[in-house]
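This report concerns only the one structure given below.
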Amino acid sequence: MNSCISHRVRLAPKIVIPTGSSQRVVSKVSVTPSLKEAANCIPAASIVLPDGPWKQIPGGVTAAEGFSAAGIYGSLRAKGERPDLALVVCEVDATSAGAFSTNAVAAAPVLYCKRTLRVSKTAHAVLINVGQANAFTGDAGYQDVIECANTVAKPLRVRPEEVLILSTGVIGERIKKDALINALPRLVNSLSSSTEGGDSAAVAITSNDRVSKSVAVESQVGGIDIRVGGMAKGSGMIHPNMATTLGVITTDALVDSDVWRKMVKIAVSRSFDRITVDGDNSPNDSVIALASGLSGSSRISSINSEEAIQLQACLDAVMQGLAKSVVRYAKRATCLIEIAVIGANTEAEAGKIGRSVASCALFKGATYRREHNWERIAGAVGSSSVNFHPNKLRILLGDILLMDGGQSLKFDRAAAYNYLTNACETDGTVSIDITVGNGPGSGRAWGCYLIYDNVKMNAACTN
C-alpha cells in the first residue's frame, strides 16, 4: 500500500476567538509533520497565470488573511493512503458564493450547498471528501451531508448552515460517514494558516489527479494589498458548463454579497466553464468562493466600480490558472490547447465558439497525431450554433496562417508538424487563434488532445 503520511499527528495549538455571545476555535500558524508530508505527497502543478498587475505567491487557499486549512488521510479512499479529507476555515463570517453542476441529477452535496447559499450570505468552512461522490444516493445521502455539516460545526463552534460540503469519488456510493467523523478531530486540530496547510488541502481533494493544483496572487484593490487564492481538482469527466471539478477560492477583499456572487459567476464563466477533456459533465461540479474582508480594503458595493474591476481581474486570473491546469494535466495529456476567438458579437459567443473547437474529438485526435487539420477547426466553429460570416473566418496555428477569408491557404506543413510536436513533447501550449468577424466579442477556451489510452483509462474507471 502506498502510504504518504504518518498517522502520528501532533495537534496544532488552538486559540479561541470571542465573537459576541459565542466563541470560535481556529488554529495558529502551526505545521504538523503530517501536513508537510501531505503537502508533498504528489507533485504540485505549475500554474500559468495570465499577465496582469499581480504577483504569484505561495499559500493557495491560506494566502488570504483569515483562512486556515488542512488535508489528512481519513480512510475514505478505496486504495492507498493519499490524503482524502480537506477542510478550509475562515475565522470570521466570510461572504460566500458558489457555482455548481448543470447536470440535472446533481449530487447530494451540490443540492445541499445550493440550498444553504440561498438562505445564507456567509459561510465559515468548506469540508471536502474524496472516495465517494454521494451522487444518486437519495434521501439517505442527503442526510449524510447534513450530519457531516453538523459534526464539523461543533468543534469549530459555528452554525451547521455555515459549513459547506463537497464530495468527489465513486458515483452511487454514500460518504464513509463513520470514517469521516472519526477523522474530524485530527482534521480540525491540524488546521493551519501556513503554506503547508493550503498545500495539504490541495492534495487531499485530488482523486485521479497526477498533480495538485493550488495558486495565489497578491495585487492592489483601491490602493490596498489584497490576496486571492484557490485550489482545484479534476482529471476526467471534464466538459464546459461548470466543468467537472471541485474548487475552493478565498480572498481577503471586502465585498458585498450580491457583488461577490456576480463576480464569481463571471469568473467561472471565463474559466471553469471554458475547459473540456472528454465531454462528460459530472453531477458533483462545485466551486465555492469565500471573502473574509480582512485585508483592510474599502468595501466593494458596485460591480462597476474601479475596485470591483481590479478584484474581478485577480479572480479571473486565479480561476483561469486553476482551470487551465486541470486540462493541462488531465489523464495522460502532455500539453494544453488554447483557443482564442476574436471578432464575435459578444464575449459569450466567442466563448461558445472556443468551447466547440476544444470539444471536437476529431480535432483533439488530430492534435495528438501532430496533424494540422484546419478543416476540423473550421467545422467545429461552424457547428457552434453561433452566427458569423464564413468569408471572415481566419485560423492560425501558432503563427502559421492556415485559413483566411474563409478559404484554406498553402502553408509550411513541416513547420506546422514541428510546432505541434514541440508543444506536445515539452509540456507546452498549442495556440489556435480564430477570427470570425469584426465584432467586439473575444474569449478563450482550453482543452487537451485525445490519446489511444483514453479508452483504456475510461474503461478501467469504477462507476
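Throughout, residue positions are numbered sequentially from 1 according to the sequence presented.
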Side-chain donor/acceptor of Y419 to backbone N/O of R370, under 3.5 Å: no
Within-4.5 Å side-chain heavy-atom neighbours: T276 and R355: no
Intermediate values then yes/no, side chain to side chain contact (heavy atoms under 4.5 Å, CB included), I434 and V436: CA-CA 7 Å; I434 301 171; V436 294; 3.9 Å; yes
K392 vs T435, side chain to side chain contact (heavy atoms under 4.5 Å, CB included): CA-CA, chis, key distance, verdict: CA-CA 7 Å; K392 294 184 178 181; T435 303; over 6 Å; no
Any donor-acceptor pair under 3.5 Å from E162 side chain to T122 backbone: no
R77 side chain reached by V130 side chain, heavy atoms, under 4.5 Å: yes
Side chain to side chain contact (heavy atoms under 4.5 Å, CB included) partner of I128, the single match among L85, L246, L87, L164: L246
Test item: S68 side-chain N/O and L191 main-chain N/O as donor-acceptor pair under 3.5 Å: no
Note, L396 side chain near L402 side chain (heavy atom, < 4.5 Å): no
Test side chain to side chain contact (heavy atoms under 4.5 Å, CB included) applied to P50 - qualifying residues, sequence neighbours left out: W54, A317, Q320
Side-chain donor or acceptor of S120 paired with backbone N/O of L117 under 3.5 Å: no
Short side-chain donor-acceptor distance under 3.5 Å, S431 and T429: no
Lys/Arg-Asp/Glu bridge criterion (N-O < 4.0 Å) met for R227, E65: no
From CA spacing to verdict: salt bridge (charged side-chain N to carboxylate O under 4.0 Å, His left out), E347, R270: CA-CA 9 Å; E347 178 184 345; R270 293 172 175 170; 2.8 Å; yes
Side chain to side chain contact (heavy atoms under 4.5 Å, CB included) evaluation trace for F411 with L397: CA-CA 11 Å; F411 58 91; L397 172 66; over 6 Å; no
Worked check of salt bridge (charged side-chain N to carboxylate O under 4.0 Å, His left out) between E218 and K55: CA-CA 5 Å; E218 184 176 75; K55 65 177 180 180; 3.4 Å; yes
Enclosure of N387 CG (heavy-atom neighbours >12, cutoff 6.0 Å): no
Student check: side-chain heavy atoms of L49 and V217 closer than 4.5 Å: yes
Side-chain heavy-atom pair D84, N129 within 4.5 angstrom cut-off: no
Trace of the side chain to side chain donor-acceptor pair (under 3.5 Å) decision for S207 with K233: CA-CA 8 Å; S207 49; K233 61 82 57 180; 3.0 Å; yes
Side-chain donor or acceptor of S200 paired with backbone N/O of A70 under 3.5 Å: no
Heavy-atom side-chain contact between V341 and S442 under 4.5 Å: no
Cation-pi, Y142 ring and R115 (6.0 angstrom, 45 degrees): yes
Main-chain N/O of V92 paired to H124 side chain as donor or acceptor, under 3.5 Å: yes
Side chain to side chain, L393 and N391, heavy atoms closer than 4.5 Å: no
Pi-cation contact, F272 with R274 (under 6.0 Å, within 45°): no
From CA spacing to verdict: side chain to side chain contact (heavy atoms under 4.5 Å, CB included), R82, I42: CA-CA 9 Å; R82 185 196 295 186; I42 59 175; 3.8 Å; yes
D252 backbone acceptor or donor facing S295 side chain under 3.5 Å: yes
Spacing of CG belonging to D273 relative to CE belonging to M319, to within rounding of 0.5 Å: 10.5 Å
Worked check of side chain to side chain donor-acceptor pair (under 3.5 Å) between S192 and S194: CA-CA 5 Å; S192 172; S194 66; 2.7 Å; yes
Polar side-chain atom of D209 near backbone of S212 as donor-acceptor pair, under 3.5 Å: no
Candidate pair N134 and T137, rule side chain to side chain donor-acceptor pair (under 3.5 Å), full reasoning: CA-CA 6 Å; N134 202 12; T137 52; 2.7 Å; yes
Heavy-atom side-chain contact between I339 and W446 under 4.5 Å: no
